[in-house]
Peer 1: 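Dropping the structure in here first, questions after.
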2 protein chains.
Amino acid sequence: MSDTANTRPTLSAVAARAGVSASTASLVFSGSGPVAEATRERVLEAASALGYAGPNPTARSLRRGRTGIVGVVTEDRLGDAFRDPINLALLDGLGDELADEGLGLLVLPWSPGSRADLAAAPMDAAVLLGCSADLAGSVELLRRRRIPLIAIEAPPLDGVVPIDLDNADATRRGAELLRELGHERVALVTLPLDIDRLRAPLTPEREAEATAYTAMERIRGAREVFPDATGVSAGASTVAEGYVAGRALLDVPGDRPTAIIAQSDLLAVGAIRAAEELGLAVPTDLSVLGFDGARLDGITSHVLTTLAQPAVEKGRAAGRAVRASLVGEMPAGVALGAELRRGETVAPPRA
Amino acid sequence: MSDTANTRPTLSAVAARAGVSASTASLVFSGSGPVAEATRERVLEAASALGYAGPNPTARSLRRGRTGIVGVVTEDRLGDAFRDPINLALLDGLGDELADEGLGLLVLPWSPGSRADLAAAPMDAAVLLGCSADLAGSVELLRRRRIPLIAIEAPPLDGVVPIDLDNADATRRGAELLRELGHERVALVTLPLDIDRLRAPLTPEREAEATAYTAMERIRGAREVFPDATGVSAGASTVAEGYVAGRALLDVPGDRPTAIIAQSDLLAVGAIRAAEELGLAVPTDLSVLGFDGARLDGITSHVLTTLAQPAVEKGRAAGRAVRASLVGEMPAGVALGAELRRGETVAPPRA
DNA sequence: TTGTAGGCGTTATCAC
DNA sequence: GTGATAACGCCTACAA
């Protein structure tokens with residue numbers, strides 16, 4: 001048994017066995033330079049004899065100054081971040097765009113529960129996903145590392161490339177539709193306002209302390225049309241939470257809202273279920289507006305009237321920005337738009 | 001402006017500025033060794049003056065022989081792999097278990113569409129996720145790299161630590177329940193049989209060439225009770241696919257099956273919808289058995305009779321196996337069991 | 001076409 | 001407590 005049996009073979013071991021120098025062997029594997037056919041074969045033979053699996057990625061990274069890894073920072077536990085269909089679509093787009101470059105995704109949860117060590121994670125660039133103001137700390141850290149930063153729907157941050165959605169404007173357009181139909185009492189079901197994800201009525205105090213950028217932008221857009229609109233914040237973007245929120249808004253004495261602006265389609269579906277359980281027909285007794293426009297497997301509902309966002313394209317745009325920043329460019333930010341898609345869940349209020 | 005303005009500062013730059021040696025500065029950051037308080041402060045001061053963000057992760061990895069990264073190899077595009085609630089739960093468990101150790105997850109899709117470069121990805125261990133026989137090639141590669149391998153529900157592979165579920169036995173127990181109730185014509189709706197994910201009737205030929213281990217094990221378990229059972233394979237584990245499969249099985253002339261064994265809850269829900277659309281009541285006209293037992297947000301259905309599997313625990317077990325293998329142990333495999341959970345979707349066949 | 005030399009940024013070891 | 005030295009495994013000028 002040879003003495004190299006137990007330790008990973010190195011390039012020089014292979015070179016030695018093949019009777020060439022390490023640099024020549026290196027050329028065989030990197031392909032960046034001419035090597036005589038005979039030499040190449042001897043090297044490959046030595047490699048397979050030794051069980052050499054190719055250059056050590058870490059050493060190569062150090063030498064080249066590139067890891068081939070892109071970090072994806074999420075504000076949830078892994079599973080939760082990926083439970084949102086919009087994030088999944090985004091991930092598809094991002095993954096596609098990066099896979100071509102041989103870049104891998106390193107998932108970095110940055111939530112109160114478990115937070116990855118952003119200081120120690122090897123990466124060439126990072127995409128900030130469920131962005132809120134709470135991210136400021138992590139951004140600071142990554143910036144010191146001089147890691148190019150791409151943020152999806154985040155408040156403007158110095159030196160961070162924004163991939164934005166017109167959350168406020170899109171919501172405003174949706175709200176205008178409701179107003180044109182004659183609605184006046186409109187309630188909101190929002191995404192979580194911060195990492196505490198408290199499920200509770202909106203209050204000026206809570207809004208003042210909110211950190212979730214997307215949620216706040218959508219609220220802002222709604223208020224441009226219905227300045228006094230209030231409502232409840234959900235604990236997550238799920239049908240179950242939408243249902244709870246819907247009950248809270250609809251199962252009340254006195255005047256109910258005639259329309260609900262939900263900040264995601266899942267929340268909208270939940271609200272609709274709450275309404276129907278209370279004997280309210282959608283859209284005759286209650287109009288419901290959603291947000292996202294992603295296909296929801298297995299969740300039956302009316303055809304939602306919703307603000308459809310280009311989620312896959314968001315991911316692609318982020319991927320392109322990552323690639324640009326890796327070749328030293330400072331990529332321009334991207335602003336994407338959501339589109340009002342007319343379904344069957346809004347109508348004039350009952351006379 | 002100093003001449004170090006444009007390049008990432010290094011540990012020795014910091015050391016130089018603080019007037020100490022690199023090794024001493026290193027101790028300040030790694031904390032592994034005694035450093036005089038005054039020295040420490042001077043070093044930290046120099047670091048912040050230079051904008052040093054801590055030791056370069058790649059260099060550290062090279063030196064320490066550890067990257068702090070665990071690869072997760074999936075057989076789908078990212079988005080698709082994470083669309084399955086079972087995988088999400090598993091990821092939660094795995095992430096939890098690894099986060100404590102400061103280990104990050106590097107997602108490596110290994111599908112015909114986009115396959116990560118398993119030879120070049122830095123990692124200390126890998127978890128094989130949507131495992132099928134097609135993985136053999138990638139396993140071979142990773143094994144040559146001497147990377148500890150943990151496989152979730154995979155066919156036995158030399159040197160790979162298995163985290164198994166009793167797919168065959170659990171399905172058999174479910175099938176036995178159906179037989180005891182008096183069912184004789186039982187049809188299967190299976191998970192995809194291979195990476196082609198063809199949606200089509202089961203045939204001996206297709207089964208012979210199938211590579212998806214979990215699907216085949218569950219088929220095997222069903223056949224222990226209903227040796228002649230046949231059915232259709234779905235193109236994915238979704239309600240939509242379950243619906244299509246259900247139509248194919250139920251919307252036929254002649255004797256319909258009186259029971260369906262679906263290989264996931266999503267498929268089961270789809271099959272139930274197909275049945276009801278055809279005017280068949282569940283469970284009176286048709287019994288449906290699911291698999292998984294995960295909570296499905298927003299997907300309303302009967303309370304499923306299903307084989308509930310410990311998905312989070314699967315992830316945790318994999319995480320523990322990873323940790324063990326990183327300290328040089330060869331972890332024992334783990335065998336987990338699914339439990340028959342009686343819901344309201346099975347009943348005796350109509351007389 | 002091949003080899004030599006040097007360094008990527010750290011940290012472990014061992015002296016002092 | 002601190003510092004010199006070497007090594008982790010590879011790649012790339014440059015020289016031969």
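Just so it is clear: chains get the letters A, B, ... in the order the sequence lines come, proteins before strands, and each one is counted from 1.
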Peer 1: Count the heavy atoms of every other residue, nucleotide or ligand shown that sit under 6.0 Å from CD of A:Glu140, and state whether that count exceeds 12.
Peer 2: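 For A:Glu140, atom CD is crowded (more than 12 foreign heavy atoms under 6.0 Å).
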
Peer 1: Would you call A:Asp96 and B:Arg77 a salt bridge, using N to O less than 4.0 angstrom?
Peer 2: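 Salt bridge present between A:Asp96 and B:Arg77.
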
Peer 1: For a quick test of reading the model, state the closest non-hydrogen atom pair linking A:Leu27 to A:Gly33 and the distance between them.
Peer 2: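 Heavy-atom minimum between the residues: CD2-CA, 4.3 Å.
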
Peer 1: Give a yes or no answer on whether the side chain of A:Arg17 reaches the backbone of A:Ala47 with a donor-acceptor pair at less than 3.5 Å.
Peer 2: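 Not confirmed, A:Arg17 side chain does not pair with A:Ala47 backbone.
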
Peer 1: Would you mind reading off the distance between A:Leu50 atom CG and D:dG9 atom C1', rounded to a whole angstrom?
Peer 2: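 So the CG-C1' distance, A:Leu50 to D:dG9, works out to 15 Å.
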
Peer 1: Listed by chain and number, what are the side-chain hydrogen bond (donor to acceptor under 3.5 Å, both in side chains) partners of A:Glu313, not counting sequence neighbours?
Peer 2: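 Scan of A:Glu313 (side-chain hydrogen bond (donor to acceptor under 3.5 Å, both in side chains), adjacent residues dropped) gives A:Arg320.
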
Peer 1: Can you check the A:Arg66 CZ to D:dT12 C1' distance for me, whole Å?
Peer 2: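 To the nearest whole Å, that distance equals 17 Å.
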
Peer 1: Would you check if the side chain of A:Arg60 reaches a backbone N or O of A:Asn56 as a donor-acceptor pair within less than 3.5 Å?
Peer 2: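 Not a single qualifying donor-acceptor pair exists.
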
Peer 1: Base, sugar-phosphate or nothing for B:Thr39? Non-hydrogen atoms, less than 4.0 Å.
Peer 2: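 Sugar-phosphate contact only.
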
Peer 1: How would you summarise protein contacts on nucleotides 8-16 of chain C per nucleotide, using B for base, S for sugar-phosphate only and - for none, with heavy-atom distances below 4.0 Å?
Peer 2: BBBBB----

Peer 1: Just to confirm, is there a sub-4.0 Å distance from OP1 or OP2 of C:dG3 to any side-chain nitrogen or oxygen of A:Thr24?
Peer 2: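 Result: yes.
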
Peer 1: Mind telling me whether B:Phe82 and A:Phe82 have parallel, tilted or perpendicular rings, with 30° and 60° as the class edges?
Peer 2: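 Ring orientation of A:Phe82 relative to B:Phe82: parallel.
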
Peer 1: Are the side chain of B:Arg66 and the backbone N or O of B:Asp124 linked by a donor-acceptor pair below 3.5 Å?
Peer 2: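 Judged by distance alone, no pair lies under 3.5 Å.
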
Peer 1: Take the C1' atoms of the five end pairs on each side of the helix from C:dT1-D:dA16 to C:dC16-D:dG1, get both axes, and report the angle to 10 degrees.
Peer 2: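 The angle, to the nearest 10 degrees, is 40°.
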
